[in-house]
Amino acid sequence: MLTNSRVPADFSAFLSSGRFSSLPASFFTHVAPTPLPSPYLVGISENALRQFNLNKTIAQSTEFIEGLTGNKILNGSQPLASVYSGHQFGVWAGQLGDGRALLLGDAIDAQRQKQEIQLKGAGLTPYSRMGDGRAVLRSSIREFLCSEAMAALDIPTSRALCVTGSDQYVFREIPETSAVVTRYAPSFIRFGSFEHWYYNNKPEKLKRLADFVLEEYFPEFSGEAKPYSLLLKHIVKRTAELMAQWQAVGFMHGVMNTDNMSILGLTIDYGPFGFMETYDENHICNHSDTHGRYAYKMQPGIGQWNCYALAQAMLPLIGSVEDTQLALAEYETHFQNKWEQLARKKLGLVTPHADDMGLFNHFLQLLQENHADFSLNFRKLSTLQNTPSSIDNLLRDMFIDRPALDNWIQQYRQRLLLENSEEIDRQTSMKATNPKYILRNYLAQIAIEKAQQKDFSEVAKLLSVLEKPFDEQPENNKYAEPAPDWAKNLEVSCSS
Ligand code: AMP
Ligand code: MG
């Protein structure tokens, strides 16, 4: 029963009940959000609002804040929580589901695409298990900022419209205040949504889900002889390419469980994520991941492992082990192609040559050995001139083993001779691929601590910087700096 009162007037045309709710009742449970006392706006993404013809003024209205905290049900919305299962840290975990996310419905964006609008942290659902259905301000600000930062980096991701907060406390390691993130994506269906029906031995539901996904998201496959193996192939490709895109900006998800893997190849469910700062291929961003299953260097392999888990669940649909294997076999090629393409872009190389990856990997090795910053040094590399100059020192100053770096720079310059590019064009294209601004943990932490004191200005400021990660923004240079000493060992755990 949905008892909350409805939001009136202009903001109401935003939503319709949504495609997901056309699935049989066993796929979800209608559940009303649980109101939070006296909600307030913590952050809004004007870029995201614009996608829905909404503006800052509407976003500051009581209707918007109440509606997107879950205190009122928006017209056209029939909130629901979906069921799914998944493998967590490599182990079958059984049923999970939206324990604190509610799908409000669909909204149509500026490209006439339907987007699912979800509230994360809006209260208990039948899938909350031991949880309280809430999200804390800290993790909500992190999800909000990172979704928008990833979009600006041009990496497939769910987006975030806003964060609202309330003074209501919830208990994690310490009491923290609650918040709700309004996020959106064309679909939040996960690998674990397929696994759910496979492991519950419900082949007809599995087929229903696959047909729904094909119809809504891959209509071009209709009428094809093997639509389900095409679907798997496509998910495999998107996942492999997403992993290459993560690696190329040093993004680490932190909890790559199959219930956090999008069937559209989007980055979803931001939790204890991190961006690579001091380069270490073994870096583990999630303090709770004691064995490093989701360490930086593991991500491409885990993406593949997750595709195997999905393929297992889709086998009854595909009906042939051989076709399933064929689809999976493409993962490595898709990953490698994308990774090499991005590696060349990072080095400003246009025409492929045989040992480009050797040159790239050697630079990574130097970063590793010299404990040098990943993003900062690719950015500095983007300013290097074709012939030796004092600008070399910007990079050299960041390395301890300078002879080794000098040797590498010399090889790099030799390699540049094989390109026909102008220095300035190369620099411009490198700067458009090597971000100056990434969401460093300490930057998020400063914004969070201010927000916990009810000063939301830093959330807005940081968002505005991260919305243009490739721009020089000289007035914001300090946001490009590595972590200060106090923040070098900030720990991020699953607690959210
Ligand atoms: P995650 O790996 O953080 O995406 O979450 C794994 C599962 O735990 C999902 O089913 C979530 O909905 C659920 N979950 C996480 N935190 C909570 C919470 N505070 N209350 C209810 N469910 C939660
Ligand atoms: Mg999740």
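One-based numbering, in listed order, for ligands and for the atoms of each.
Between L242 and I155 there is a side-chain heavy-atom pair separated by less than 4.5 Å.
Among protein heavy atoms, atom 5 (O) of ligand 1 sits closest to D259 OD2, 4.5 Å. Looking only at protein heavy atoms, the nearest one to atom 14 (N) of ligand 1 is R100 NE, 4.1 Å. With hydrogens left out, the protein atom closest to atom 20 (N) of ligand 1 is G133 N, 2.8 Å, a heavy atom. The closest protein non-hydrogen atom to atom 12 (O) of ligand 1 is G99 N, 2.8 Å.
Each of the following atoms of ligand 1 lies closer than 4.0 Å to a heavy atom of Q88: 6 (C). Near D269, meaning under 4.0 Å from one of its heavy atoms, ligand 1 places the atoms 4 (O).
Side chains of E195 and T258: a donor-acceptor N/O pair is present below 3.5 angstrom, by distance only. In summary, the side chains of E281 and Q368 do not present any donor paired with an acceptor at a separation below 3.5 Å, with no hydrogens or angles considered.
Across the listed options Q95, R172, R129, R129 owns the non-hydrogen atom lying nearest to atom 7 (C) of ligand 1. One option in S85, G131, G97 has a heavy atom closer to atom 11 (C) of ligand 1 than any other, and that option is G97.
Look at E63 and K72 and you find no salt bridge, because none of the NZ, NE, NH1 or NH2 atoms lies under 4.0 Å from a carboxylate O. In this structure, D373 pairs ionically with R440, as a charged nitrogen and a carboxylate oxygen lie closer than 4.0 Å. The pair D211-R208 does not meet the salt-bridge criterion, since no charged nitrogen lies less than 4.0 angstrom from a carboxylate oxygen. Of the charged side-chain nitrogens involved, at least one lies within less than 4.0 Å of a carboxylate oxygen, so that E143 and R183 count as a salt-bridged pair. A salt bridge is defined here as a Lys NZ or Arg NE, NH1 or NH2 lying under 4.0 Å from an Asp or Glu carboxylate O, and D109 with R159 fails to meet this definition. Ion pairing of K297 with D280 is absent here, as no side-chain N (NZ or NE/NH1/NH2) approaches a carboxylate O to less than 4.0 Å. The pair K120-D98 does not count as a salt bridge, with every side-chain nitrogen at least 4.0 angstrom from each carboxylate oxygen.
Residues that satisfy the ring-ring contact (aromatic ring centres under 6.0 Å, His included) test with Y228, not counting sequence neighbours, are absent from this structure.
Checking only distances, N260 does come within under 3.5 Å of ligand 1, N or O to N or O. For a threshold of 3.5 Å applied to N or O pairs, the pair formed by D132 and ligand 1 contains at least one separation below that value.
Under the ring pair (Phe, Tyr, Trp, His ring centres under 6.0 Å) test applied with H87, the options Y308, W305, F191, Y198 reduce to a single match, W305.
Heavy atoms of N257 come nearer than 4.0 angstrom to ligand 1 in no pair at all.
Contacts with ligand 1 closer than 4.0 Å are made by backbone heavy atoms (N, CA, C, O) of R134 only, the side chain lying farther away.
Atoms of the protein (N, O or S only) found under 2.8 Å from the Mg ion (ligand 2) are N260 OD1, D269 OD2.
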